[in-house]
2 protein chains.
Amino acid sequence: MARPSHVRDAVREALSGSTRHAWSIEDVLHELRGRRVSADFSSVFRALTFLEREGLVSRVELGDGKARFEATHGHHEHVRCDSCGAVAPVPGCPVEGTRAQVERATGFTITGHRLLFSGLCAECRGRVG
Amino acid sequence: MARPSHVRDAVREALSGSTRHAWSIEDVLHELRGRRVSADFSSVFRALTFLEREGLVSRVELGDGKARFEATHGHHEHVRCDSCGAVAPVPGCPVEGTRAQVERATGFTITGHRLLFSGLCAECRGRVG
DNA sequence: GTGGGTGCAAAACCTTTGCATCTGC
DNA sequence: GCAGATGCAAAGGTTTTGCACCCAC
(Lines give C-alpha, C1' and ligand atoms only; values in the text may rest on other atoms or scores of the structure.)
Protein backbone atom coordinates (compact mmCIF):
# COMPACT_ATOMS: atom_id res chain seq x y z
CA MET A 1 0.00 0.00 0.00
CA ALA A 2 1.86 2.91 -1.32
CA ARG A 3 4.68 2.89 1.11
CA PRO A 4 7.39 5.46 0.58
CA SER A 5 10.17 4.30 -1.70
CA HIS A 6 12.89 6.84 -2.14
CA VAL A 7 14.70 4.69 -4.68
CA ARG A 8 11.65 4.23 -6.85
CA ASP A 9 10.77 7.91 -6.64
CA ALA A 10 14.29 8.98 -7.50
CA VAL A 11 14.47 6.58 -10.43
CA ARG A 12 11.18 7.83 -11.79
CA GLU A 13 12.35 11.43 -11.50
CA ALA A 14 15.72 10.73 -13.03
CA LEU A 15 14.26 9.05 -16.07
CA SER A 16 11.55 11.60 -16.69
CA GLY A 17 13.54 14.68 -15.77
CA SER A 18 16.47 14.29 -18.08
CA THR A 19 17.08 14.39 -21.79
CA ARG A 20 19.18 11.26 -21.68
CA HIS A 21 17.80 8.24 -23.49
CA ALA A 22 18.16 4.56 -22.89
CA TRP A 23 19.62 4.39 -19.40
CA SER A 24 21.58 1.38 -18.31
CA ILE A 25 21.17 0.38 -14.68
CA GLU A 26 24.61 1.79 -13.96
CA ASP A 27 23.62 5.06 -15.60
CA VAL A 28 20.65 5.38 -13.31
CA LEU A 29 22.76 4.50 -10.31
CA HIS A 30 25.28 7.22 -11.10
CA GLU A 31 22.54 9.75 -11.64
CA LEU A 32 21.05 8.92 -8.25
CA ARG A 33 24.42 9.19 -6.57
CA GLY A 34 24.83 12.58 -8.19
CA ARG A 35 21.53 13.55 -6.65
CA ARG A 36 22.69 12.35 -3.27
CA VAL A 37 20.21 9.52 -3.26
CA SER A 38 21.55 6.44 -1.61
CA ALA A 39 20.68 3.36 -3.59
CA ASP A 40 21.95 -0.05 -4.42
CA PHE A 41 22.22 -1.72 -7.80
CA SER A 42 19.59 -4.29 -6.99
CA SER A 43 17.22 -1.66 -5.64
CA VAL A 44 17.53 0.30 -8.86
CA PHE A 45 16.98 -2.89 -10.81
CA ARG A 46 13.86 -3.64 -8.80
CA ALA A 47 12.61 -0.08 -9.13
CA LEU A 48 13.02 -0.24 -12.90
CA THR A 49 11.29 -3.60 -13.08
CA PHE A 50 8.47 -2.24 -10.96
CA LEU A 51 8.06 0.90 -13.07
CA GLU A 52 8.13 -1.24 -16.18
CA ARG A 53 5.18 -3.26 -14.91
CA GLU A 54 3.43 0.01 -14.14
CA GLY A 55 3.99 1.01 -17.72
CA LEU A 56 5.91 4.16 -16.78
CA VAL A 57 9.20 2.79 -18.03
CA SER A 58 10.04 0.75 -21.08
CA ARG A 59 12.85 -1.66 -21.49
CA VAL A 60 14.74 -1.28 -24.73
CA GLU A 61 17.34 -3.63 -26.12
CA LEU A 62 20.23 -2.01 -27.90
CA GLY A 63 22.36 -5.04 -28.45
CA ASP A 64 25.23 -3.94 -26.27
CA GLY A 65 24.58 -6.63 -23.73
CA LYS A 66 23.12 -4.28 -21.19
CA ALA A 67 19.51 -3.71 -20.28
CA ARG A 68 18.39 -0.18 -21.10
CA PHE A 69 15.39 1.69 -19.81
CA GLU A 70 13.63 4.91 -20.66
CA ALA A 71 10.50 6.75 -19.64
CA THR A 72 7.62 5.49 -21.73
CA HIS A 73 6.97 8.03 -24.42
CA GLY A 74 5.21 8.03 -27.71
CA HIS A 75 6.47 5.47 -30.18
CA HIS A 76 9.92 6.20 -31.52
CA GLU A 77 13.01 4.35 -32.65
CA HIS A 78 16.65 4.63 -31.61
CA VAL A 79 20.01 5.27 -33.15
CA ARG A 80 23.19 4.21 -31.45
CA CYS A 81 26.71 5.48 -32.09
CA ASP A 82 29.05 2.65 -33.03
CA SER A 83 31.97 4.56 -31.58
CA CYS A 84 30.88 5.99 -28.24
CA GLY A 85 27.61 4.19 -27.60
CA ALA A 86 25.53 7.35 -27.37
CA VAL A 87 21.87 6.77 -27.98
CA ALA A 88 19.41 9.22 -29.48
CA PRO A 89 15.73 8.96 -30.28
CA VAL A 90 14.54 8.85 -33.85
CA PRO A 91 11.17 10.53 -34.30
CA GLY A 92 8.59 8.93 -36.47
CA CYS A 93 8.61 5.37 -37.70
CA PRO A 94 9.16 4.05 -41.21
CA VAL A 95 7.69 0.70 -40.22
CA GLU A 96 4.15 1.88 -39.69
CA GLY A 97 1.86 0.49 -42.29
CA THR A 98 3.92 -2.55 -43.18
CA ARG A 99 2.24 -4.83 -40.68
CA ALA A 100 -0.25 -6.42 -43.03
CA GLN A 101 2.47 -7.10 -45.53
CA VAL A 102 4.76 -8.70 -42.96
CA GLU A 103 1.93 -10.83 -41.62
CA ARG A 104 1.15 -12.03 -45.09
CA ALA A 105 4.77 -12.86 -45.80
CA THR A 106 5.51 -14.66 -42.54
CA GLY A 107 2.26 -16.07 -41.22
CA PHE A 108 2.93 -14.42 -37.86
CA THR A 109 0.53 -12.11 -36.12
CA ILE A 110 2.58 -8.97 -35.62
CA THR A 111 2.19 -7.15 -32.33
CA GLY A 112 5.16 -4.85 -32.30
CA HIS A 113 8.60 -4.06 -33.58
CA ARG A 114 11.93 -2.58 -32.64
CA LEU A 115 14.09 -0.62 -35.00
CA LEU A 116 17.63 0.33 -34.17
CA PHE A 117 19.82 2.41 -36.42
CA SER A 118 23.56 2.36 -36.05
CA GLY A 119 26.02 4.98 -37.14
CA LEU A 120 28.26 7.75 -35.91
CA CYS A 121 27.12 10.65 -33.79
CA ALA A 122 28.12 14.15 -34.81
CA GLU A 123 30.82 14.28 -32.18
CA CYS A 124 32.49 11.01 -33.11
CA ARG A 125 32.24 11.78 -36.80
CA GLY A 126 34.40 14.82 -36.18
CA ARG A 127 36.81 13.02 -33.90
CA VAL A 128 37.08 9.57 -35.43
CA GLY A 129 36.63 10.35 -39.06
CA MET B 1 47.06 -23.82 -43.07
CA ALA B 2 43.75 -25.33 -43.72
CA ARG B 3 43.84 -28.04 -41.16
CA PRO B 4 40.80 -30.23 -40.94
CA SER B 5 38.21 -28.93 -38.51
CA HIS B 6 35.24 -31.20 -38.19
CA VAL B 7 33.49 -28.79 -35.86
CA ARG B 8 33.81 -25.84 -38.19
CA ASP B 9 32.74 -27.91 -41.17
CA ALA B 10 29.74 -29.28 -39.34
CA VAL B 11 28.70 -25.84 -38.13
CA ARG B 12 28.94 -24.42 -41.62
CA GLU B 13 26.85 -27.26 -43.00
CA ALA B 14 24.28 -27.02 -40.26
CA LEU B 15 23.71 -23.31 -40.77
CA SER B 16 23.55 -23.42 -44.52
CA GLY B 17 21.73 -26.71 -44.87
CA SER B 18 18.68 -25.97 -42.80
CA THR B 19 15.70 -23.71 -42.98
CA ARG B 20 16.12 -22.68 -39.37
CA HIS B 21 16.99 -19.06 -38.77
CA ALA B 22 18.91 -17.34 -36.04
CA TRP B 23 20.64 -20.21 -34.28
CA SER B 24 21.74 -19.85 -30.71
CA ILE B 25 24.96 -21.60 -29.82
CA GLU B 26 22.95 -24.25 -28.03
CA ASP B 27 20.82 -24.75 -31.11
CA VAL B 28 23.91 -25.43 -33.19
CA LEU B 29 25.27 -27.75 -30.55
CA HIS B 30 22.08 -29.81 -30.53
CA GLU B 31 22.02 -29.96 -34.28
CA LEU B 32 25.58 -31.26 -34.34
CA ARG B 33 24.80 -33.84 -31.71
CA GLY B 34 21.86 -34.95 -33.83
CA ARG B 35 24.28 -35.38 -36.69
CA ARG B 36 26.55 -37.45 -34.46
CA VAL B 37 29.23 -34.78 -34.54
CA SER B 38 31.08 -34.54 -31.31
CA ALA B 39 31.60 -30.97 -30.30
CA ASP B 40 31.92 -28.76 -27.30
CA PHE B 41 30.16 -25.50 -26.56
CA SER B 42 33.35 -23.49 -26.78
CA SER B 43 34.37 -25.16 -30.03
CA VAL B 44 31.06 -24.24 -31.56
CA PHE B 45 31.46 -20.72 -30.24
CA ARG B 46 34.89 -20.48 -31.80
CA ALA B 47 33.70 -21.96 -35.07
CA LEU B 48 30.91 -19.39 -35.26
CA THR B 49 33.28 -16.56 -34.43
CA PHE B 50 35.65 -17.80 -37.09
CA LEU B 51 32.94 -18.09 -39.73
CA GLU B 52 31.71 -14.65 -38.79
CA ARG B 53 35.13 -13.18 -39.51
CA GLU B 54 35.08 -15.05 -42.80
CA GLY B 55 31.80 -13.37 -43.60
CA LEU B 56 29.97 -16.67 -44.00
CA VAL B 57 27.96 -16.21 -40.86
CA SER B 58 26.31 -13.16 -39.38
CA ARG B 59 25.61 -12.47 -35.77
CA VAL B 60 22.14 -11.17 -35.11
CA GLU B 61 20.81 -9.75 -31.88
CA LEU B 62 17.26 -10.65 -31.05
CA GLY B 63 17.06 -9.24 -27.58
CA ASP B 64 16.55 -12.53 -25.83
CA GLY B 65 19.90 -12.33 -24.17
CA LYS B 66 21.45 -14.96 -26.37
CA ALA B 67 23.79 -14.58 -29.28
CA ARG B 68 22.21 -15.74 -32.51
CA PHE B 69 23.88 -16.64 -35.77
CA GLU B 70 22.74 -17.33 -39.29
CA ALA B 71 24.26 -17.97 -42.67
CA THR B 72 24.94 -14.63 -44.31
CA HIS B 73 22.21 -13.94 -46.80
CA GLY B 74 20.85 -10.92 -48.54
CA HIS B 75 19.52 -8.20 -46.30
CA HIS B 76 16.38 -9.13 -44.45
CA GLU B 77 14.71 -8.50 -41.11
CA HIS B 78 13.41 -10.88 -38.47
CA VAL B 79 10.24 -11.65 -36.63
CA ARG B 80 10.29 -13.44 -33.30
CA CYS B 81 7.42 -15.26 -31.62
CA ASP B 82 6.72 -13.85 -28.16
CA SER B 83 5.42 -17.21 -27.05
CA CYS B 84 7.83 -19.86 -28.28
CA GLY B 85 10.78 -17.80 -29.46
CA ALA B 86 10.67 -19.08 -33.03
CA VAL B 87 12.39 -16.78 -35.47
CA ALA B 88 11.52 -16.28 -39.12
CA PRO B 89 12.99 -14.07 -41.79
CA VAL B 90 11.07 -11.10 -43.13
CA PRO B 91 11.82 -10.44 -46.77
CA GLY B 92 12.30 -6.90 -47.94
CA CYS B 93 12.92 -3.92 -45.75
CA PRO B 94 10.65 -1.00 -45.02
CA VAL B 95 13.55 1.04 -43.75
CA GLU B 96 15.31 1.46 -47.05
CA GLY B 97 15.15 5.01 -48.19
CA THR B 98 14.65 6.62 -44.82
CA ARG B 99 18.34 7.14 -44.15
CA ALA B 100 18.57 10.72 -45.26
CA GLN B 101 15.58 11.62 -43.18
CA VAL B 102 16.94 9.96 -40.08
CA GLU B 103 20.31 11.61 -40.54
CA ARG B 104 18.65 14.97 -40.83
CA ALA B 105 16.57 14.40 -37.73
CA THR B 106 19.36 13.08 -35.51
CA GLY B 107 22.63 14.47 -36.77
CA PHE B 108 24.07 10.96 -36.87
CA THR B 109 25.67 9.40 -39.91
CA ILE B 110 23.66 6.25 -40.40
CA THR B 111 25.53 3.13 -41.40
CA GLY B 112 23.04 0.38 -40.74
CA HIS B 113 19.94 -0.75 -38.94
CA ARG B 114 18.28 -3.69 -37.31
CA LEU B 115 14.57 -4.27 -37.40
CA LEU B 116 12.88 -6.90 -35.29
CA PHE B 117 9.19 -7.61 -35.37
CA SER B 118 7.51 -9.38 -32.51
CA GLY B 119 4.29 -11.31 -32.56
CA LEU B 120 2.82 -14.79 -32.51
CA CYS B 121 3.73 -17.52 -34.93
CA ALA B 122 0.94 -19.44 -36.64
CA GLU B 123 1.39 -22.40 -34.32
CA CYS B 124 1.25 -20.44 -31.09
CA ARG B 125 -1.65 -18.38 -32.33
CA GLY B 126 -3.67 -21.56 -32.59
CA ARG B 127 -2.47 -22.95 -29.29
CA VAL B 128 -2.23 -19.89 -27.06
CA GLY B 129 -4.98 -17.70 -28.35
C1' DG C 1 2.81 -7.13 14.12
C1' DT C 2 2.84 -7.18 9.00
C1' DG C 3 4.25 -6.32 4.66
C1' DG C 4 6.81 -3.62 1.54
C1' DG C 5 11.50 -1.54 0.53
C1' DT C 6 16.62 -1.95 0.86
C1' DG C 7 21.30 -3.51 0.89
C1' DC C 8 24.50 -7.16 0.65
C1' DA C 9 25.88 -11.24 -1.04
C1' DA C 10 25.29 -15.17 -3.62
C1' DA C 11 23.17 -17.59 -7.54
C1' DA C 12 22.21 -17.84 -12.41
C1' DC C 13 23.16 -17.17 -17.18
C1' DC C 14 25.94 -16.39 -21.13
C1' DT C 15 29.97 -15.40 -23.42
C1' DT C 16 34.91 -15.52 -23.67
C1' DT C 17 39.54 -17.05 -22.49
C1' DG C 18 43.42 -20.06 -20.56
C1' DC C 19 45.57 -24.22 -20.77
C1' DA C 20 46.89 -28.83 -21.72
C1' DT C 21 46.39 -32.14 -25.20
C1' DC C 22 46.00 -34.20 -29.48
C1' DT C 23 46.74 -34.37 -34.39
C1' DG C 24 47.96 -33.25 -39.10
C1' DC C 25 51.61 -31.67 -41.76
C1' DG D 1 58.46 -30.40 -33.69
C1' DC D 2 54.92 -26.65 -34.89
C1' DA D 3 50.66 -24.69 -35.37
C1' DG D 4 45.93 -25.25 -35.45
C1' DA D 5 41.74 -27.52 -33.39
C1' DT D 6 39.44 -29.20 -29.22
C1' DG D 7 37.60 -30.09 -24.66
C1' DC D 8 37.40 -28.84 -19.97
C1' DA D 9 37.22 -25.64 -16.70
C1' DA D 10 37.51 -21.26 -15.01
C1' DA D 11 37.00 -16.23 -15.61
C1' DG D 12 34.08 -12.18 -16.75
C1' DG D 13 30.19 -9.38 -17.03
C1' DT D 14 25.16 -8.76 -16.14
C1' DT D 15 20.89 -9.77 -14.44
C1' DT D 16 18.10 -12.05 -10.72
C1' DT D 17 17.08 -13.87 -6.38
C1' DG D 18 17.53 -15.00 -1.27
C1' DC D 19 17.70 -13.24 3.11
C1' DA D 20 17.86 -10.45 7.02
C1' DC D 21 16.74 -6.04 8.59
C1' DC D 22 14.27 -1.89 9.05
C1' DC D 23 10.51 1.19 8.88
C1' DA D 24 5.83 3.15 7.88
C1' DC D 25 1.25 1.86 8.62
Side-chain angles (χ1 to χ4, degrees), chain A residues 1-15 22-54 56-70 80 84-85 87 114 116, chain B residues 1-15 22-54 56-70 78 80 82 84-85 87 114 116:
Chain A
M1 328 101 161
R3 315 231 342 214
S5 166
H6 71 277
V7 173
R8 206 136 73 205
D9 295 343
V11 168
R12 182 163 31 218
E13 271 180 41
L15 262 67
W23 303 66
S24 71
I25 298 176
E26 282 293 347
D27 290 337
V28 179
L29 201 47
H30 286 149
E31 174 72 18
L32 296 202
R33 298 251 163 88
R35 295 179 181 217
R36 298 282 149 64
V37 174
S38 106
D40 174 76
F41 187 97
S42 67
S43 298
V44 171
F45 167 75
R46 282 192 270 239
L48 287 167
T49 304
F50 178 91
L51 295 172
E52 188 193 7
R53 270 201 299 269
E54 298 277 290
L56 297 177
V57 158
S58 302
R59 188 174 189 143
V60 297
E61 287 285 348
L62 298 182
D64 62 350
K66 290 186 181 179
R68 304 292 194 117
F69 300 84
E70 66 184 20
R80 178 162 182 278
C84 71
V87 177
R114 246 178 41 214
L116 172 66
Chain B
M1 321 96 171
R3 315 230 343 212
S5 167
H6 70 276
V7 174
R8 207 135 74 204
D9 296 343
V11 169
R12 183 163 31 219
E13 271 180 42
L15 262 66
W23 304 66
S24 70
I25 299 177
E26 282 292 347
D27 290 338
V28 179
L29 200 47
H30 286 149
E31 174 72 18
L32 295 204
R33 298 252 163 87
R35 295 178 181 219
R36 297 281 148 65
V37 174
S38 107
D40 174 75
F41 187 96
S42 68
S43 298
V44 171
F45 168 75
R46 283 191 270 238
L48 286 167
T49 303
F50 178 92
L51 294 173
E52 188 192 6
R53 270 200 299 270
E54 298 278 288
L56 297 176
V57 157
S58 302
R59 190 176 188 139
V60 297
E61 286 285 347
L62 298 182
D64 62 349
K66 289 186 181 179
R68 302 293 194 117
F69 301 83
E70 65 183 21
H78 295 91
R80 179 163 180 279
D82 289 330
C84 72
V87 176
R114 239 176 49 211
L116 173 66

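Order of the sequence lines fixes the chain letters, A, B, ..., with proteins taken first and strands second; residue numbering starts at 1 for each chain.
- With rounding to whole Å, A/F41 atom CZ is found 13 Å from D/dG13 atom P.
- Rounded to whole Å, atom P of D/dT14 lies 18 Å from atom CH2 of A/W23.
- Between B/S43 and D/dG7 there is a side-chain polar atom (N or O) within less than 4.0 angstrom of OP1 or OP2.
- Checking C/dC8, D/dT15, C/dG4 against every side-chain atom of A/R59, the shortest atom distance belongs to D/dT15.
- A close approach under 4.0 Å does occur between a side-chain nitrogen or oxygen of B/R8 and OP1 or OP2 of D/dA5.
- Contact of the B/R53 side chain with the B/T49 side chain is registered, since non-hydrogen atoms from C-beta on lie closer than 4.5 Å.
- Counting only distance, with no hydrogens or angles, the side chain of B/R68 and the backbone of B/S58 share no donor-acceptor pair below 3.5 Å.
- Using a distance-only test at 3.5 Å, with no hydrogens or angles considered, no donor-acceptor pair links the side chain of B/H78 to the main chain of B/E61.
- The CG atom of B/D64 sits 14 Å away from the C1' atom of D/dT15 (whole-angstrom rounding).
- Put simply, the side chain of B/R3 and the base of C/dC25 share no donor and acceptor less than 3.5 Å apart.
- Using a 4.0 Å heavy-atom cutoff across all strands shown, B/S5 reaches sugar-phosphate atoms only and no base atom.
- Of the candidate nucleotides D/dG7, C/dT15, C/dC8, C/dC8 has the atom lying nearest to any side-chain atom of A/D40.
- With rounding to whole Å, B/L32 atom CG is found 16 Å from D/dA5 atom P.
- Here C/dT15 presents its P atom at 9 Å from CD of B/E61, a figure rounded to the nearest Å.
- Set against D/dT14, C/dT15, D/dG7, the side chain of A/K66 has D/dT14 as its closest nucleotide.
- Whole-Å rounding puts the A/I25 CD1 to D/dT16 P distance at 7 Å.
- Atom CZ of A/R68 is separated from atom C1' of D/dG13 by 15 Å (rounded to the nearest Å).
- B/E54 has its CD atom 14 Å from the P atom of D/dG4, to the nearest Å.
- Nucleic acid contact class of B/A39 (heavy atoms, under 4.0 Å, all strands): sugar-phosphate only.
- When heavy atoms are screened at a 4.0 angstrom cut-off, B/S38 is found touching the sugar-phosphate backbone but no base atom.
- Within the 4.5 Å cutoff, the side chain of B/V7 has no heavy atoms near those of the B/R46 side chain.
- For the OP1/OP2 pair of D/dA5 and a distance below 4.0 Å, the side-chain nitrogens and oxygens of B/H6 include no atom meeting the criterion.
- Among the nucleotides D/dT15, D/dC8, C/dT6, the one closest to the side chain of A/V7 is C/dT6.
- In terms of modelled atom types and a separation under 3.5 Å, the side chain of B/R8 and the main chain of B/S43 share no donor-acceptor contact.
- Closest to the B/R46 side chain, of the nucleotides C/dG18, D/dT17, C/dG5, is C/dG18.
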